[in-house]
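Here the structure is laid out as structure tokens; the discussion comes afterwards.
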Amino acid sequence: MTVLRLARSELKRMTGGLLPKLTILALTMVPLLYGAVYLYANWDPYGNLNQIDAALVVEDTGAKPASGPELQAGQKVADSLVEGHVFNWQRVTTTAEADADVESGKYAFALKIPKDFSANLVSPGSFDAANQAMLNVTTNDANNYLLSTIVDKLTTAVHSTVAKEVGEETANQLLTGFGTIHASIVKASDGASQLADGVGKLSDGAATLHDGTSKLSSGASELLAGQNKLRDGANQLNDGAGQLSAGLTELKNKTASLPADSQKLADGAAQVAAGNAQLNAKVQDVVGQLSAFDAGARDRVVGSTQKLVASGVITQDQANKILADFDTAAASGPVTDAKAKISADASQIQQLSDGSAAVSAGAAKLAGATPALTGAIGQASAGADQLSSGAATLAAGEQSAVNGTAALADGAARLDDGAAQLASGAATAADGSRTLASELAKGAGKVPNPNDAQKSEVSKVIADPVAVNNVSQAKAGSYGAGLAPFFLTLSLWIGVFMLVQAMRPITQRALASNAPSWKIAVGGWLPFFVVSVLQASILTLVVDLGLGLNAAHPVWMWLFMLAAVMAFTALIQGIVALLGTPGKFVVLILLVLQLVSSGGTFPWQTTPMPLHVVHEIMPMGYVVTGMRHLIYGGDLSMIWPIVLGLLGYTVLGAALSTLAVRKHKFWTLKSLKPEIAV
């Protein structure tokens, strides 16, 4: 018995009557009902959103920006939404009414534009009162859960559009402000240049001032030293003037009797002079008498010795000796001494007489001049008193001058320090002002100064700085096309799963034959595969021609689906053949596991980690991936590895089926009367 005969025998059994034929026809349509009908119902849901009633409330009162016409952004947004016909917008007067209608289900959701919408949009023009403009949305998941997601996309689009439009206006104002700032900085730069020149002159003047204050401080120090000397001299003058005044006062007191005394002196001196003259005359007489006596004594001695020589008493030599001794004695004798003393006294008396005469004359003059002298002494004493008073005043004034000069010197030193700081600060200010002028000039060049065309272009970029350039390497044409790979694959598995409800994996007749196990296994699989090929072919025609899937590679997609049903039928037929009725439950479990792990809607990487293992070892995830590439036009290099994998799953299913044939060739009571009938 050949494989084809076994398969044809099973197919004849399945189509032997009207009801079996209708059953096979119904089973053939299962993938179509599940896959095509579901895709038809969800082919383009976003294109029918205009059939959903939505409430639209506009309370915006408008706003007047700093420049330009009045802004009625809320009304503009509402008009744009109504004209877009994305939803069936119904204008409602109040927010309370709109919320109530959403709660009752009259409207799917409500979009409310508050009264300060426009005012908040233009508020960024004032940095002191910038507020976000709000769009209030009321949804109710009791109306539809996915509707909230759709509304979020709508409001995001409205937000982006309004933000872009208003952002352009705000950016335009900002750039206009930059132009104003640029002009102001240019003026500031010019002013800073003038300031730099002025501060430079100030710096030069401050340096000159510092030189002058240094000289002033030095001169003030020297002046203080001179004032100290003057003060010391004034103090000495005060002391001397006091002493002079005291001395002159004492002199005045002591010379008060000088005129009378000097007159008496003059009179006495005159008398002394007269007495001295008389005395001198008498002394001269005595000297003359002594001279005469001395001469007469020698004559008498000479005469006596001659007489003695003549008498022979003495010799001539003795007489000469006596005369010599007499001369010697006379020269040093009392008479001579008296004569000498009297002569000396006479000279003194003469001098005294002359002096007395001079004293008398001077005393007479003194007596005449004494009244004037005493008057002068009195005047001098009075002047000395005035001098003493003036010297005291001068000393006090000099002390004040010293104090003032000390203060002047201290002030000059402080002034010099201040001038030094001023000179240093002015130099720093000069450098800083030149730097300021230079940096302002540089800054003016860096501050934008756009013209109207540039402002318009840049405003658009600022309002919408990021543009997304979508390069779609493979793109689904619609929402239904996006779901097609998953639901087509799922419908193929479900179609095969439904076949095992009506078709036997292995016929009892085949088990009773002597055919090899593998032939019986393949013969049992081929009917499943043939019907599944019909299922896949009809499904492909309907989604391509009826729904307009427009697959990038329709023929390859059909052949790939045949490869998928080949693997699915082999696995399902082998599992049910081996396990019997419990195998159908295993196939159902595998369906559920693949349903959540194949990545048909969300990427499979987002599923819990244990399901990643299921995705890696089960075929449905790979079939979904391959279908996407064939439908959307992706890279086809990964199709062949998937096809090889499907062949592997087919071999695995055949191996399970062969194992089941070998197991069931041996008849047991359980085989004749199973616990659960197939």
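Values reported hereafter were calculated over all heavy atoms of this structure, with side chains retained and with hydrogens, waters and symmetry mates removed. Positions are given from 1 along the sequence.
E83 CD to H85 NE2: the interatomic distance, rounded to the nearest 0.5 Å, is 7.5 Å. Note that OG1 of T540 and CG of L562 are 7.0 Å apart. Values are rounded to the nearest 0.5 Å. To the nearest 0.5 Å, atom NZ of residue K584 and atom CE of residue M498 are 10.0 Å apart. Considering CG of L559 and CE of M566, their distance stands at 11.0 Å, rounded to 0.5 Å. A distance of 12.0 Å separates CG of L549 from CG of L541, quoted to the nearest 0.5 Å. For the atom pair T489 OG1 and Y622 OH, the distance stands at 14.0 Å (nearest 0.5 Å).
Residues passing the side chain to side chain donor-acceptor pair (under 3.5 Å) test with T95: none are found, sequence neighbours excluded. Evaluation of the side chain to side chain donor-acceptor pair (under 3.5 Å) rule for E59 yields no partner, not counting sequence neighbours. In this structure, the side-chain contact (heavy atoms from CB on, under 4.5 Å) partners of V82, at least two apart in sequence or on a different chain, are L56, W89, R91. Shown here are the side-chain contact (heavy atoms from CB on, under 4.5 Å) partners of A98, two or more places apart in sequence or in another chain: A55, V57, V92, A110. Contacts of F529 classified as ring pair (Phe, Tyr, Trp, His ring centres under 6.0 Å), with partners at least two apart in sequence or in another chain: W525. Judged as a side-chain contact (heavy atoms from CB on, under 4.5 Å), and not counting sequence neighbours, the contacts of L588 are F497, L591. Taking the side chain to side chain donor-acceptor pair (under 3.5 Å) definition, one finds that Q594 meets it with nothing, sequence neighbours left out. Here V586 pairs with I575, L579, L590 under the side-chain contact (heavy atoms from CB on, under 4.5 Å) rule; sequence neighbours left out. Scanning for salt bridge (charged side-chain N to carboxylate O under 4.0 Å, His left out) contacts around D116 gives an empty result, with sequence neighbours left out. For W604, the ring pair (Phe, Tyr, Trp, His ring centres under 6.0 Å) criterion is met by H612, H615, not counting sequence neighbours. Take Q75 and apply the side chain to side chain donor-acceptor pair (under 3.5 Å) test, not counting sequence neighbours, and it matches D79.
Using a 4.5 Å cut-off on side-chain heavy atoms (C-beta onward), M618 and L593 make no contact. Residues N50 and N88 fail the side-chain proximity criterion, which asks for heavy atoms closer than 4.5 Å. You'll find the side chain of D53 stays beyond 4.5 Å of the side chain of K106, heavy atoms only. With contacts defined as side-chain heavy-atom distances shorter than 4.5 Å, the pair L571/P619 qualifies. Between S532 and Q535 there is a side-chain heavy-atom pair separated by less than 4.5 Å. At a threshold of 4.5 Å between non-hydrogen side-chain atoms, the residues Y632 and H553 do not count as touching. Within the 4.5 Å cutoff, no side-chain heavy atoms of T139 are placed close to those of V102. Counting only heavy atoms from C-beta outward, the side chains of F528 and V565 never approach each other to under 4.5 Å.
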Run the side-chain contact (heavy atoms from CB on, under 4.5 Å) test on E97 and D101 for me, step by step, so that the C-alpha distance in whole Å, both residues' side-chain angles and the decisive distance to 0.1 Å come before the verdict. CA-CA 6 Å; E97 180 184 355; D101 290 340; 3.8 Å; yes

Mind running side-chain contact (heavy atoms from CB on, under 4.5 Å) on I639 and L630 for me, showing each step along the way? CA-CA 8 Å; I639 296 297; L630 291 168; 3.9 Å; yes

Before giving the answer on side-chain contact (heavy atoms from CB on, under 4.5 Å), spell out for S491 and L539 the whole-Å C-alpha distance, their side-chain angles and the decisive distance to 0.1 Å. CA-CA 9 Å; S491 65; L539 182 61; 3.2 Å; yes

Go through the steps to decide whether L81 and F87 satisfy the test side-chain contact (heavy atoms from CB on, under 4.5 Å), and finish with yes or no. CA-CA 8 Å; L81 290 174; F87 291 95; over 6 Å; no

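Listed by first then second residue, pairs satisfying ring pair (Phe, Tyr, Trp, His ring centres under 6.0 Å) with a partner in residues 554-573 read W493-F568, W556-W640, not counting sequence neighbours.
Here the closest heavy-atom approach between residue T650 and residue A567 is recorded as OG1-CA, 3.3 Å. Closest approach of D544 to M557, counting heavy atoms only: OD2-CE, 3.8 Å. Contact between V624 and P485 at its shortest, heavy atoms only, is O-CB, 3.8 Å. Contact between I52 and A108 at its shortest, heavy atoms only, is CG2-CB, 3.4 Å. Scanning both residues, L595 and S598, for their nearest heavy atoms gives O-OG, 4.0 Å. Residues A78 and I113 share a closest heavy-atom pair of N-CD1, 4.3 Å.
Summarising the local packing, CE of M134 is surrounded by 12 or fewer heavy atoms from other residues, nucleotides or ligands at distances under 6.0 Å.
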